[in-house]
Amino acid sequence: MTRLWHWTQVLYLLSCLLSVSWATKGNILSFENTAIVRTVELGGSLVAVTTTYAIQAVTGDTSEYIVALSEAEHGVTSWIEATLKGSVDPLQLKPLGYKHDYAAHLYSITLPQVPVKGETTSLVLETVQTKATYPWPPSSPQGGEQLLKYESDLLVISPYVTSVQRTKVRGPASIRSFTTPEGLEAFTDEPTAVQAGSVVTYGPYKNIPASANPFFAEESQKRILIHYEFNEGVLTVVKLQRAAEISHWGSNLNIENQILLRNTGPTLKGHFSRLDHQFQGHYHSAAAQSIRSVPMLLPAGINTPYYYDLIGNVSTSRFRPSRSGKSRTLQFSYLDLRPRYPLLGGWNYSFTLGWDAPLSDSAKWDAKTGRYIIGVPYWTPITGSYVEEAEVKIVLPEGATDVEVFPPFNPLTVNRTVHTSYLDTTGRPAIILTNTRITDRHTGVIYVTYKVPFTAHLKKPIAVAAATFSVFVLALAARRVDPRIHK
Ligand SMILES: *[C@@H]1O[C@H](CO)[C@@H](O)[C@H](O)[C@H]1NC(C)=O
Ligand SMILES: *[C@@H]1O[C@H](CO)[C@@H](O)[C@H](O)[C@H]1NC(C)=O
Ligand SMILES: *[C@@H]1O[C@H](CO)[C@@H](O)[C@H](O)[C@H]1NC(C)=O
C-alpha cells in the first residue's frame, strides 16, 4: 500500500484491535476483501442492489463475516439476503444494529464453515431499496416525460480492507446526468465515472482501508446522484389490509385485500384531459405517467377473483388462472387489474380484491400431533411496487386452540384478537401481523398451526341448526296467525 496512513486512522485501527469488536472472535483483521462489485438496478419504486464480495480469510479463525451499511443506505434498505455465489440457499444473516464505532449498521453473515487461512470465498449480498428514488422534476404535464433521481453512497464500506471495488448503476432507459465524484486521488488515477449506454461505472477504486468508521465516512465517502428516465408506472401500495379466513366447514380459504394504490411518479401538472389521454395512449411516454393497468400475481388454484371499489363492481380486468400444484412455471394466477380511471401522477385508488381457494391447497392435518397447518401468502406482489404499510389478519376457525404463528420474516407487531361474524357463538381467534415496506422479495408464506377440539367442530352445525330451527318455528307461528283483518 503506497499511501500514507493518516494518524487518526492508525489510532482508530488500534482502538478497534484493542476492543472486542463484535460477538465472537472476529475482528477487522479476520478478512480482506480482494474485490467488491456492486450493481444497482434502477427502477421506479424499487431499486435492486447486488454486491459481490470476494473475501479472503486472513486469520482463518472465524466463520463470521461482517457487512456494513451506512445510516443512509440502511434507511432505504427494505430487504436483505446473503448467499454464497452460485447458491440459492440464504446464509444466516443477523442484524447487529447500529454501531457508533463503525458509523454503520452491521450484519453478521455466518459462512457454512470456518474458512482455512488464505481461502477465498464469494459472497453475494442482495438488497431491495424502497424510497430511494424520487421524481425530478416533482411534477410534469400530462404526457410529459417521467424522470427520477437516485442517490447513494459512492463507496461500499466494510470493516475490512478492500483491494479493489467498483459500482455499476444501470438505468432502465436513458441516463440524463450523473455525479462525477472528485477528490478520490487516493484510490484511483483514472476517470472516476464512465458512462456506456444506460450504465454508469464508478471505479475501480483501489487500496481502500477499513472504511466502516466515522473517520472514513467524514473524509472519504461521497454521495452520487443519478438522474434517469423511467418509462413505466411508479406505483406504491400505500396501505394493504389483507384478511384470510379459514373455514373448515366450507373447506374454503377466503383472502380479501383492501388496497390503497398511489402513483408516486411526478404529480400531474395542470388538468387531466381524457381526450389527450386517449390520444396519447398510442405513445409509450404517456403510458409511464398514467397507469392504466396493474399487473398482479395471485396464488395458483384460486377461483375467479372479485374486485370492487367505492362505486361498485369493476369487471374490466383480465384474469388468467393457473391450477394449483401443476407445473413450476405456473405458480401464479395472473391478474391484469384495470382501475376504474387511469391513475395519474399523485392520484390515489382504493379498492377491494378477494378470492376463494380450496382449503386443501394450503392446509393439512397432521394426524400425529392432531394439528392443522395452514399457509397464507404474506402478500401477492404487484409488479414493481412495494407496500408501505401492511396488515395481515388470519382468522382461524371457531374454537381453535394452541395457535402458533411462523411468519417468513420478522413482523413489526403480532397481535391476537377475536373475530366475530354471522353464526359465530364464541368468536374466532385471529392473528394480526403488521409490517412496513414490503417488497417484491417478501413473498414468503405465514404458517399457522392450531388444534380444533371435536366439540368446537360441532359448534357451527349446532348454531346453524338452532338458526334454522328458529326460522322454522317462526314460520310455523306465522302460519297460525291469521293476518287477515277481522271484520
Ligand atoms: C358483483 O359481481 C358479482 C359476480 O361477479 C355478483 O355476485 C355481485 O352481486 C355483484 N355486486 C354488485 C354490487 O353488483
Ligand atoms: C392522495 O392521497 C394523499 C394522502 O391522503 C393526498 O395527500 C393526495 O392529495 C391525494 N391525491 C389526490 C390527487 O387527490
Ligand atoms: C399490538 O402489539 C404491539 C406489540 O407487539 C403493541 O404495541 C400494540 O399496542 C398492539 N396493538 C393492538 C391494537 O393491540
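Numbers here simply count residues along the sequence, with the first being 1. Whatever order the structure lists ligands and atoms in, that order sets their numbers, starting from 1. What you are looking at is a predicted structure, and each value in this text was computed from that prediction instead of being measured.
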Problem set entry | Ring center gap for Phe409 and His442 short of 6.0 angstrom | yes
Exercise. Any protein heavy atom sitting closer than 4.0 Å to atom 2 (O) of ligand 2?
Worked result: yes
For this session: Would you please say whether a donor-acceptor pair under 3.5 Å links the side chains of Arg441 and Thr443?
Result: no
Exercise. Do Tyr307 and Phe351 have ring centroids that are under 6.0 Å from one another?
Worked result: yes
Exercise. Is at least one protein non-hydrogen atom found at under 4.0 angstrom from atom 11 (N) of ligand 2?
Worked result: yes
Exercise. With atoms numbered from 1 as shown, which atoms in ligand 2 lie under 4.0 angstrom from a non-hydrogen atom of Trp347?
Worked result: 13 (C)
For this session: For atom 4 (C) of ligand 2, find the nearest protein heavy atom and state the residue, atom name and distance (0.1 Å precision).
Result: Arg262 NH2, 3.2 Å
For this session: Compare all side-chain heavy atoms of Leu84 with those of Val124 and state whether any distance is below 4.5 angstrom.
Result: no
Problem set entry | His248 ring center near Tyr372 ring center (under 6.0 Å) | yes
For this session: Report the nearest protein non-hydrogen atom to atom 6 (C) of ligand 2: residue, atom name, distance rounded to 0.1 Å.
Result: Asn348 ND2, 4.2 Å
